[in-house]
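Since this is a predicted model, take the numbers as computed values, not measurements.
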Amino acid sequence: EFFSARFGTAGQALLALDPRKAALHAWLPGSKRWLALQADEGGLLAETDLGAGAWRAELIPAFNSVLYLPTGHGLACVHADVAALGYRVEHLGGAPCVGAPIRFQNRLWAPLRDDDGRIRFVNVDAQQQRGTDVLLDGVVATGMLGAPVAYNRMAVWPGAQGQLRLQLQPDGDVAASFTPWPAGLEAHFEFGSPYLSRDG
């Protein structure tokens with residue numbers, strides 16, 4: 001996966017990430033080669049078990065752009081510094097991501113599965129301020145989740161067994177739910193990302 005943004009650089013820098021190996025590299029235009037970025041004392045970036053079709057990331061662009069990645073230890077907040085050839089990472093949530101992060105209601109959200117099997121959504125704003133986690137009632141078998149899609153009132157992670165959803169409530173809160181597919185319907189993710197029609 002490739003990302004082009006300002007990572008502590010005056011112009012655009014190019015990063016390459018192998019999510020399965022948690023390896024982060026920067027392109028050095030002067031020497032025309034890739035160089036692995038080193039983690040600071042805060043720890044290494046965790047790997048992910050999400051498949052290629054379900055994996056995606058979010059980027060908050062700035063002079064010090066921030067990447068948000070799904071990992072086996074939670075939602076990773078990655079601050080790459082290409083000039084220093086390093087990065088620091090903070091893992092939010094402390095449980096494996098079962099789906100990729102997506103921007104919804106001016107926050108970044110990611111579903112995690114706790115040790116007891118319950119799904120919990122962690123969220124953070126553009127200034128990396130953590131919000132209150134949103135819990136899904138009960139334990140549900142979602143099956144493999146595909147890439148999420150969102151609009152102003154709802155975020156959806158389509159799964160093999162149904163839809164995992166976050167929905168904006170009339171009082172401004174966000175609630176989580178899971179809706180199984182109707183009988184006779186089967187999800188096929190090989191066709192690509194979900195499409196949201198104009199009528200929702």
Side-chain angles (χ1 to χ4, degrees), residues 1-5 7-8 13-27 34-62 64-82 84-104 107-136 139-148 150 155 157 159-160 164 166 176 189:
E1 307 291 339
F2 296 92
F3 303 94
S4 176
F7 296 101
L14 183 61
L15 296 185
L17 169 72
D18 183 344
R20 306 288 268 172
K21 297 179 181 176
L24 191 61
H25 293 78
W27 176 251
W34 291 99
L35 189 68
L37 297 183
Q38 301 300 312
D40 73 2
E41 66 278 357
L44 297 171
L45 177 62
E47 303 93 348
T48 184
D49 290 328
L50 294 185
W55 193 93
R56 70 184 300 276
E58 286 282 354
L59 173 71
I60 302 295
N64 293 301
S65 300
V66 183
L67 279 172
Y68 291 90
L69 313 170
T71 75
H73 289 279
L75 179 63
C77 229
V78 180
H79 302 261
D81 187 342
V82 172
L85 300 178
Y87 71 88
R88 66 182 169 84
V89 62
E90 179 185 4
H91 294 93
L92 308 177
C97 285
V98 294
I102 195 164
R103 194 182 310 245
F104 170 63
R107 303 187 74 79
L108 297 172
W109 297 81
L112 282 58
R113 190 175 296 276
D114 288 326
D115 289 341
D116 62 4
R118 295 183 66 190
I119 291 178
R120 171 172 50 97
F121 290 87
V122 295
N123 66 91
V124 62
D125 66 13
Q127 289 73 43
Q128 299 151 53
Q129 296 300 311
R130 189 84 188 265
T132 304
D133 292 354
V134 174
L135 290 172
L136 180 66
V139 176
V140 297
T142 61
M144 181 198 75
L145 293 178
W157 287 260
L164 186 59
L166 286 175
F189 297 104

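Counting heavy atoms from C-beta outward, Trp34 and Leu14 have side chains that approach closer than 4.5 Å. Contact annotation: the side chain of Thr142 approaches that of Arg113 to within less than 4.5 Å [non-hydrogen atoms, C-beta and beyond]. Side-chain contact between Trp55 and Leu69 is present, with at least one heavy-atom pair separated by less than 4.5 Å. At a threshold of 4.5 Å between non-hydrogen side-chain atoms, the residues Leu17 and Leu45 count as touching. The side-chain heavy atoms of Pro96 and Val98, taken from C-beta on, include no pair separated by under 4.5 Å. Residues Leu50 and Pro19 are not in side-chain contact: their nearest non-hydrogen atoms beyond the backbone lie 4.5 Å or more apart.
With values rounded to the nearest 0.5 angstrom, Leu15 atom CG is found 6.5 Å from Leu67 atom CG. The distance from atom NE2 of His79 to atom CD of Glu90, rounded to the nearest 0.5 Å, is 7.0 Å. If you take CG on Asn123 and CG on Leu92, they are separated by 9.5 Å, rounding to the nearest 0.5 Å.
Other residues, nucleotides and ligands contribute more than 12 heavy atoms inside 6.0 Å of the CG atom of Asp116. More than 12 non-hydrogen atoms from other residues, nucleotides or ligands lie less than 6.0 angstrom from CG of Asp40.
Scored by the side-chain contact (heavy atoms from CB on, under 4.5 Å) test, Arg120 finds Ala95, Leu112, Asp114, Val122, Arg130, Asp133, Leu135 as partners (sequence neighbours excluded). Taking Glu47 as the reference, nothing meets the side chain to side chain donor-acceptor pair (under 3.5 Å) condition, with sequence neighbours excluded. Under the side-chain contact (heavy atoms from CB on, under 4.5 Å) criterion, Ala39 pairs with Leu44, Tyr87, sequence neighbours left out. Judged as a side-chain contact (heavy atoms from CB on, under 4.5 Å), and not counting sequence neighbours, the contacts of Arg103 are Glu58, Ile60, Leu108. With sequence neighbours left out, Tyr68 forms a ring-ring contact (aromatic ring centres under 6.0 Å, His included) with no residue at all. In this view, Ala46 and Thr71, His73, His91 satisfy the side-chain contact (heavy atoms from CB on, under 4.5 Å) rule, not counting sequence neighbours.
Looking at Trp109, Phe121, Phe104 one by one, the single match for ring-ring contact (aromatic ring centres under 6.0 Å, His included) with Trp157 turns out to be Phe121.
Pro111 and Leu164 get closest at one heavy-atom pair: CB-CD2, 4.0 Å. The nearest pair of heavy atoms linking Val66 to Gln128 is CG2-NE2, 3.5 Å. The two residues Ala26 and Leu37 have their closest heavy-atom pair at CB-CD2, 3.8 Å. Of all non-hydrogen atoms in Pro101 and Leu75, the two that sit nearest each other are CB-CD1, 3.8 Å. Contact record, Ser65 with Ala5: OG-CB, 3.5 Å, taken as the closest heavy-atom pair. When all heavy atoms of Gly99 and Pro70 are compared, the closest pair comes out as O-CB, 3.8 Å.
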